[in-house]
Number of protein chains: 2
Amino acid sequence: MPGPSANKLDYTLVALADPKRRAILRRLAQGEARVTELAAPFDVSLNAISKHIKLLERAGLVQRRRTGREHVLQFEPEPLGGVQDWITKQTAFWQSSLEAMDDLLRREDKADKKIAEVQS
Amino acid sequence: MPGPSANKLDYTLVALADPKRRAILRRLAQGEARVTELAAPFDVSLNAISKHIKLLERAGLVQRRRTGREHVLQFEPEPLGGVQDWITKQTAFWQSSLEAMDDLLRREDKADKKIAEVQS
DNA sequence: TTAATATTCAACCATAAGGTTGAATATAGA
DNA sequence: TCTATATTCAACCTTATGGTTGAATATTAA
């Protein structure tokens, strides 16, 4: 989706949203590799993989180091922390809301009992 | 990205990759809401938000319940677990590789010392 | 220098997202 | 029954992805 106003988290999630890119990251988690090596397992063109790597770079998930004509890619886990933070906050919000609703239901229950007492 | 071969995780990550959709999820984490309510904070058309909600549904991140003419949306946190699992495995792979490399370096270091001893 | 290797760049195509407007549907309310 | 409200559907536009092929660049090796 990223237009001109996209932020880091957007880029990270876009980068992770493709199975080939996730496979590339898994591969890089075991150690650096060159573009050709990364492309080998896939049955698409080298150019296609080159583009995938660019999206991973944009997200900060890989870093590139040139050694002569070879480009060595390295896995950079930091942006994954941003995703985890978002998920953590999101579920935290949700759970606190559930607890709040629980309280509310409990209070309503008490009120109902009071009314029942008065009416009985 | 999802073509015909997209899986659940793909859909989840695509859904999370847009800030408006994340904002909708944050809103829904505090409690259910109707489409119009969800659309209110944004300066895009109701139709645009309707489409965003559809992508969230596709990912299983929200559930829809119709009450007369109103559609009530509810947050469904389950798919977020899949994202967390992936990240956990990815970083686990990476750390074990780092440790393996560490061992390797230590061994090489020992070997170097032996060589140094022999040569001295 | 010449030839092979490693990568990107450029141009192109198809599909999915993200948005718009206008019409269709369905339900609620006067 | 009319009319307003809540949502989706359909058609269209633009941009980003994901892919291709062919050419350009840079570096290594003969």
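So that the names make sense, note that chain A is the first sequence line, chain B the second, and so on, each numbered from 1. What's counted below: heavy atoms across the whole structure, side chains too, no hydrogens, waters or symmetry copies.
An OP1 or OP2 oxygen of C:dA17 is reached within less than 4.0 angstrom by a side-chain nitrogen or oxygen of B:Arg58. For the pair B:His52 and C:dA17, the criterion of a side-chain N or O lying under 4.0 Å from OP1 or OP2 is not met. Contact annotation: A:Lys54 does not reach the phosphate of C:dT7 (side-chain N/O to OP1 or OP2, under 4.0 Å). Contact annotation: A:Arg69 side-chain N/O to D:dT25 OP1/OP2 distance is not under 4.0 Å.
Summary of the strand contacts: A:Ala17 and B:His71 both lie near DNA chain D, and taking for each the nucleotide with the nearest heavy atom, the more 5' one is attributed to B:His71. Both A:Ser45 and A:Val14 lie near DNA chain D, and the one whose nearest nucleotide falls closer to the 5' end is A:Val14.
One atom, OH of A:Tyr11, and another, P of D:dA16, lie 9 Å apart when rounded to the nearest Å. Atom CG in A:Leu46 sits about 14 Å away from atom C1' in D:dT25, given to the nearest Å. Atom NZ of A:Lys51 is separated from atom P of D:dG19 by 9 Å (rounded to the nearest Å). Remark: P of D:dG18 and CD1 of A:Ile24 are 11 Å apart, rounded to the nearest angstrom. The distance from atom CG of B:Leu38 to atom C1' of D:dA6 is 13 Å, rounded to the nearest whole Å. The CG-P distance, from A:Leu13 to D:dA16, rounds to 18 Å in whole Å. Atom P of nucleotide C:dT27 and atom CZ of B:Arg66 are separated by 6 Å, given to the nearest angstrom. One atom, CD of A:Glu70, and another, C1' of D:dT28, lie 10 Å apart when rounded to the nearest Å.
With hydrogens and angles ignored, no donor-acceptor pair closer than 3.5 Å exists between the side chain of B:Asn47 and the base of D:dT7. Not a single donor-acceptor contact under 3.5 angstrom links the side-chain atoms of A:Lys20 to the base of D:dG18.
Here D:dA16 is the nucleotide among D:dA6, C:dT20, D:dA16 with the atom lying nearest to any side-chain atom of A:Pro2.
A:Gln30 and B:Ser97 make their closest contact through CA-OG, 3.2 Å (heavy atoms, listed as atom of the first residue, atom of the second, distance). Taking every heavy atom of both residues into account, A:Arg22 and A:Ala17 meet most closely at NH1-C, 3.7 Å.
Residue B:Leu55 is classed as a sugar-phosphate contact, given heavy-atom separations below 4.0 Å to backbone atoms only. Backbone-only contact: B:Asp18 has heavy atoms under 4.0 Å from sugar-phosphate atoms and none from a base.
The distance from atom OG1 of A:Thr12 to atom CG of A:Leu80, rounded to the nearest 0.5 Å, is 7.5 Å. Here A:Gln63 contributes atom CD and A:Leu56 contributes atom CG; the two are 12.5 Å apart, rounded to the nearest 0.5 Å.
Contact check for B:Leu61 versus B:Glu78: no side-chain heavy atoms found under the 4.5 Å cut-off.
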